[in-house]
Colleague: 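One structure, pasted below without further comment.
No experiment lies behind these values; they were computed from the predicted model shown. Letters A, B, ... mirror the listed sequences (proteins, then strands); counts begin at 1.
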Amino acid sequence: MTRLSLERALASAITAAPALLGCVLARRTKGGLRIARIVETEAYPPDDPACHAFRGPTRRNGAMFGQRGSAYVYRIHRSFCFNVVAGRVGSGEAVLVRAVEPVDGLALMEQARERSSVGRRAPRGYDLTNGPGKLCQALDIDLSLNGIDLLRSGADSPLELLPGSRVETIATTSRIGISVAKAAKLRFVIRRSPWTSR
DNA sequence: ACGGAGATGGACT
DNA sequence: GTCCATCTCCGTT
């Protein structure tokens, strides 16, 4: 996949969600570099009652109405969830990244997960990044990254989205954790990847 | 000013 | 399967 084809896929949440499988997230902090490959996504298109933007912009979902390729981060209970904004400015659509496969910086991810798990069993193996809240812990993604441009490259880019290599078979299922529009098959996973959630 | 809900995760039965 | 921690935001008073 080229950078151009990635940007083209971001024209809508529906096209972006499968296209983001296999793409790579590069997280840069003072501690060092963490690299992860996206293995599970969910599309939240406009006019979808399960989409946070469905009832128009608010302070929480404001970043969803920004430029395609920017980040939308929000808090749910104790956790954060990370989305890639798609569509046109103002359309209000995004792709939730639900699971990633660690590629590099594994020790940093383990430390970050352990830090968030004080008093509990330290997460190991697939448990490290196989859920939307878990990957945000492992990559230290929080509200400070809400709205940033993920397509900007450079040593000072805190979180960057990079095109991936072509992916194995993609499976499509219902989305997880929502209370409305449950039937839509808008969850995309790399088939047989052990790093997906559930 | 206040009550309720949530695209979750972890512990427990 | 059930329960609930913990916080931001929203809609309503």
Colleague: Expressed in angstrom and rounded to an integer, what is the separation of A:Leu135 atom CG from B:dA7 atom P?
Modeller: 17 Å
Colleague: Can you sort out the partners of A:Tyr74 under ring-ring contact (aromatic ring centres under 6.0 Å, His included), two or more places apart, ordered by chain and number?
Modeller: A:His52, A:Tyr72
Colleague: For A:Met64 and A:Cys51, which heavy atoms make the closest approach, and how far apart are they?
Modeller: CE-SG, 3.4 Å
Colleague: Using the criterion of both pairing distances under 3.5 Å for Watson-Crick and G-U wobble pairs, give all stems of 3 or more consecutive pairs involving DNA chain B.
Modeller: B:1-6 with C:7-12, B:8-12 with C:1-5
Colleague: Return the residues of residues 84-92 of chain A meeting this criterion: a heavy atom under 4.0 Å from some atom of DNA chain B. Order them by number, or give none.
Modeller: none
Colleague: Among residues at least two apart in sequence or on other chains, which ones pass salt bridge (charged side-chain N to carboxylate O under 4.0 Å, His left out) with A:Arg166?
Modeller: none
Colleague: List in chain and number order the residues that pass salt bridge (charged side-chain N to carboxylate O under 4.0 Å, His left out) with A:Arg3, two or more places apart in sequence or in another chain; answer none if no residue qualifies.
Modeller: A:Glu7
Colleague: When the distance from CG of A:Leu96 to C1' of B:dG6 is rounded to whole Å, what number comes out?
Modeller: 13 Å
Colleague: Ignoring hydrogens and angles, state whether a donor on the side chain of A:Ser193 or A:Thr196 is under 3.5 Å from an acceptor on the partner side chain.
Modeller: no
Colleague: Sequence neighbours excluded, which residues qualify as salt bridge (charged side-chain N to carboxylate O under 4.0 Å, His left out) partners of A:Asp140?
Modeller: A:Arg34, A:Arg115
Colleague: So which one's nearest nucleotide on DNA chain B is more toward 5', A:Tyr74 or A:Pro123?
Modeller: A:Tyr74
Colleague: Nearest whole angstrom, please: distance from the P of B:dG9 to the OH of A:Tyr126.
Modeller: 18 Å
Colleague: Could you write nucleotides 1-13 of chain C as a row of B, S and -, 5' to 3', where a protein heavy atom under 4.0 Å of any base atom gives B, of only sugar-phosphate atoms gives S, and otherwise -?
Modeller: ----BBSSSS---
Colleague: Tracing side-chain links under 4.5 Å among I, L, V, M, F, W and Y, which residues wind up in one group with A:Val103?
Modeller: A:Val24, A:Leu33, A:Ile35, A:Leu162
Colleague: Heavy atoms only: give me the nearest A:Val84-A:Val97 pair and the separation to one decimal.
Modeller: CG2-CG2, 4.3 Å
Colleague: A:Ala13 and A:Glu93: which non-hydrogen atoms are nearest, and at how many Å?
Modeller: N-OE1, 2.8 Å
Colleague: Determine whether A:Phe82 and A:Val95 make a side-chain contact, defined as any pair of heavy atoms from C-beta on separated by less than 4.5 Å.
Modeller: no
Colleague: Please identify each residue that fulfils side-chain contact (heavy atoms from CB on, under 4.5 Å) with A:Asp127, with sequence neighbours left out.
Modeller: A:Arg113, A:Arg121, A:Pro123, A:Asn130, A:Lys134
Colleague: Who passes side-chain contact (heavy atoms from CB on, under 4.5 Å) against A:Arg68, sequence neighbours left out?
Modeller: A:Leu10, A:Ala11, A:Arg88
Colleague: Can you tell me if A:Tyr44 is stacked onto the base of B:dA7, using a 5.5 Å centroid cut-off and an angle below 30°?
Modeller: yes
Colleague: Choose from B:dG10, B:dA7, B:dT8 the nucleotide whose nearest atom is closest to any side-chain atom of A:Ser79.
Modeller: B:dT8
Colleague: Mind listing the residues from residues 174-198 of chain A sitting with a heavy atom below 4.0 Å of DNA chain C? Number order is fine.
Modeller: none
Colleague: Excluding sequence neighbours, so at least two apart, what forms salt bridge (charged side-chain N to carboxylate O under 4.0 Å, His left out) with A:Arg152?
Modeller: A:Asp156
